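In the text below, chain A, chain B and the rest are named by the order of the sequence lines, each starting its count at 1. These numbers come from the heavy atoms of this one structure, side chains and all, not from hydrogens, waters or symmetry mates. Computed from a predicted model, the values in this text were never measured in an experiment.
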There are 2 protein chains.
Amino acid sequence: MLSKSSKYAIKAVLFLAIHSSEENKVIVKDIAKPTNVPQAYIAKLLQELVKAEIVTSVRGPKGGFYLNETNLGHSIMSIVNVIDGEDKLNSCMMSLEKCNEEKPCPLHFALSDSKSQILKSLRSKTIKDVVKEVKLGASFLPL
Amino acid sequence: MLSKSSKYAIKAVLFLAIHSSEENKVIVKDIAKPTNVPQAYIAKLLQELVKAEIVTSVRGPKGGFYLNETNLGHSIMSIVNVIDGEDKLNSCMMSLEKCNEEKPCPLHFALSDSKSQILKSLRSKTIKDVVKEVKLGASFLPL
DNA sequence: TCTTAAATATGATTTTTATCATACTATTTT
DNA sequence: AAAATAGTATGATAAAAATCATATTTAAGA
């Protein structure tokens, strides 16, 4: 469902949401280690997120990444869309195309409710929303 | 979530569930075309399913594949397990390991309900179950 | 202005997944 | 018994995803 890349990206963004601010930028190395993502790889993903204006970056010494208020308002879905492409998640679980009520795939009725729920959740939850929940106890590195 | 391979496998199995019987075996060519899956590829997947006793095969002329009553009782999940491996689907959506109530990942609360629903559905629905729903209108090749 | 610390750009390599090809084995039919 | 028709086994190739490496650009600070 979510590619490794999207998962990495979500992790990194949530990490920034919690640990960064304009006055407190975080450098890639310090994102890579705690999130357990290869540094060069997360760097590349972050660049895409910067281009998409989901994270903010500043170069040079004292530079790094952070999320501003606008950034925090983006949905989790928007991260996935940037990394995996727009309709990776909208595609049918069963066949390789999209299915719907009129043209349901064989697993449509078994899965579509839960699937729409997940999509809805990803679409409606902003980074900020999730951070609240994280602060209530979610951890980055479940074992 | 489901790999292309699992999707192919599910398609093929459901196709057989609908169109085959011991007296009416189906050869790979006639599975590949209507399900829109590369023939050599589905052949390979079918072999794994045969080994796992999820589909039945007979060699030689008048041979082919079919599902017997036992085969029909398997869950959709069992197909995925054979093709993608046991815990591909059980892994956490967010981090790369498994998460749970005690050690939730940041997206745990947002997604776990729907996810368990999907898993439950895949685990509990047998091939036979899904076939009933298919006969009520699902199609194999949604556009 | 030079050095240093950061992101950025680009592309090479590796690994995984998907696909294709070919030779072999089993069973039916003639 | 031979020929034909099916699955089976194995491995080669191609494409995609993930990872690694390196050079470039930008900005801060001495």
Next item on the list: Just call it for V26(B): base, sugar-phosphate, or nothing, with non-hydrogen atoms closer than 4.0 Å on any strand.
Entry: sugar-phosphate
Notebook entry, point to check: For the pair made of NZ in K51(A) and P in dT8(C), what is the distance, rounded to whole Å?
Noted result: 9 Å
Next item on the list: Just jot down the side-chain contact (heavy atoms from CB on, under 4.5 Å) partners of R123(B), sequence neighbours excluded, or say none.
Entry: M77(B), N90(B), L119(B)
Next item on the list: State which of dT8(D), dT8(C), dA18(D) makes the closest approach to the side chain of V50(B).
Entry: dT8(D)
Item checked: For atom OH of Y8(B) and atom C1' of dT17(C), their distance in whole Å -> 11 Å
Please tabulate the protein-to-nucleotide N/O contacts below 3.5 Å involving nucleotides 23-30 of chain C, giving atom names and distances.
from    : atom 1 : to     : atom 2 : distance (Å)
dT25(C) : O2     : R59(B) : NH1    : 3.0

Next item on the list: Kindly say if K4(B) contacts the phosphate of dT19(C), meaning a side-chain N or O under 4.0 Å from OP1 or OP2.
Entry: yes
Checklist line | Closest listed nucleotide, where the reference is the side chain of S3(A) and the choices are dA9(C), dA18(D), dC20(C) | finding: dA18(D)
Margin query: On DNA chain D, compare the nucleotides closest to I27(B) and K44(B); which residue's is nearer the 5' end?
Written below: I27(B)
Note to self: Let me confirm one number: the CG-CD1 distance from L2(A) to I79(A), rounded to the nearest 0.5 Å.
What the structure shows: 10.5 Å
Checklist line | Residues forming a side chain to side chain donor-acceptor pair (under 3.5 Å) with D129(A), sequence neighbours excluded | finding: T126(A)
Checklist line | Where S5(B) and I83(B) come nearest, the two heavy atoms and their spacing | finding: CB-CG2, 3.5 Å
Item checked: Any donor-acceptor N or O pair under 3.5 Å, side chains S57(A), Y66(A) -> no
Note to self: Counting only side-chain nitrogens and oxygens, does S5(B) get under 4.0 Å of the OP1 or OP2 atom of dT17(C)?
What the structure shows: no
Next item on the list: Return the minimal non-hydrogen interatomic distance between S6(A) and V80(A), and the atom names on each side.
Entry: OG-CG1, 4.1 Å
Next item on the list: Among the candidates dA18(C), dA9(D), dT8(C), find the nucleotide nearest to the side-chain atoms of F65(A).
Entry: dT8(C)
Notebook entry, point to check: Is there a donor-acceptor contact under 3.5 Å from the side chain of S20(A) to the main chain of L67(A)?
Noted result: yes
Note to self: Check the phosphate of dA6(C) against S57(A), side-chain N and O only, distance under 4.0 Å to OP1 or OP2. Yes or no?
What the structure shows: no
Next item on the list: Would you kindly give the CD-to-C1' distance between Q39(B) and dT22(C), to the nearest whole Å?
Entry: 14 Å
